[in-house]
Amino acid sequence: GGSRARQHRKDDHVIRGKQVAVFGRNIFTARNLSFEPSLDIPTPENYVLGSGDELIIDVWGTSENTVREIISPEGTIHVAGIGPIFLSGMNIQDAERSLRREFSKIYAAIPQKTVHIELSLGRIRTIMINVMGEVKVPGIYRLSAFASVFHALYRAGGVNRIGSLRTIQVVRSGMKVADVDVYEYIMKGKLTDDIRLSEGDVILVSPYENLVGISGKVKRPMIYEMKHGESLATLIGYTGGFTGDAYRNTVRLVRRSGREKQIYNVDQQDYDNFILTDNDEVSVEAVL
């Protein structure tokens, strides 16, 4: 564990001579959290079939039959008696409808018989993803097609000392398709941002905008990464709120601008409007 402890210290930032961890950075280095996609789940509805996926087609009704086929580089599977069926780019429901149409042509000669088809995935293809920018180990990774942004970041070792957790871009065919905010996931459990990846996607981690430290009587005193325009009230929300013995009416804020240090006493009614900048230090005192 020594090297991991050293790793944490290297990633921490110094406030008033003390090493302070940045909230959220350890999510991709924690041993008990892997973000490995589970393969023992029903196929997600939004999963798009592609070359290399293995399909298992169960047919019953007029006759029972199971077909196992891998989607070819051309995007088709070959079924005896039908020929090539193009399925690449479809989700499971659309592919099932298409197969039902094709199979019913064979069985159309038999009157009053219906064809039931069920489609499932066998082996899942792998995709190549580029993870670039401010991550520990940038590069190209081969991942399961079930993989998400968080899994790719985990494989790249998480963000580095200057990397941002708040605006991680996913670029597909030269176009930005998502901005992922890890704080939204940690704070609210929002997985909507953790989008499913496609072959050739680029995940781009840019440098952070603002790191703000908060100490004293809050539930989780740490350094937080703040997006441009976020307020003191938002920061206090990120910490989990004041502790029971906190003096809530005023907090003290130290700001370094150029050479000089400015000290503010911010009153409670201004928490929503007081916008934070990089390197601000907030301290919350106890009730006397």
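Side chains included, hydrogens not; waters and symmetry mates left out as well; all remaining heavy atoms used.
In this structure a side-chain-to-backbone donor-acceptor pair under 3.5 Å is missing from Asn273 to Asp270. At distances below 3.5 Å, not a single donor-acceptor pair connects side-chain atoms of Arg125 with backbone N or O atoms of Leu49. Looking only at distances, no side-chain donor or acceptor of Asp278 sits under 3.5 Å from a matching main-chain atom of Asn210.
No donor-acceptor contact under 3.5 angstrom links the side chains of Asp201 and Ser198, judged on distance only. Using modelled atom types, one finds a donor on one side chain and an acceptor on the other under 3.5 Å when comparing Thr66 with Asp58.
Residues passing the salt bridge (Lys or Arg N to Asp or Glu O under 4.0 Å) test with Glu96 are Arg100, sequence neighbours excluded.
Open room surrounds CZ on Arg123; 12 or fewer heavy atoms of other groups in view lie less than 6.0 Å from it.
Considering all non-hydrogen atoms of both residues, Ala156 and Val131 come closest at CB-CG1, 3.7 Å.
Note on Lys227 versus Glu209: no salt bridge recorded, every NZ/NE/NH1/NH2 to OD/OE distance being 4.0 Å or above.
Shown are Leu55, Thr76, Asp94; of these, the side chain to side chain contact (heavy atoms under 4.5 Å, CB included) with Leu87 is made only by Leu55.
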Inset, instruction - Report the C-alpha distance between Gln169 and Ser206 in whole Å, list the side-chain angles of each, state the deciding distance to 0.1 Å, and finish with yes or no for side-chain hydrogen bond (donor to acceptor under 3.5 Å, both in side chains). - result: CA-CA 8 Å; Gln169 295 181 30; Ser206 49; 5.3 Å; no
Inset, instruction - Report the C-alpha distance between Phe23 and Tyr238 in whole Å, list the side-chain angles of each, state the deciding distance to 0.1 Å, and finish with yes or no for ring pair (Phe, Tyr, Trp, His ring centres under 6.0 Å). - result: CA-CA 9 Å; Phe23 178 74; Tyr238 287 163; 7.7 Å; no
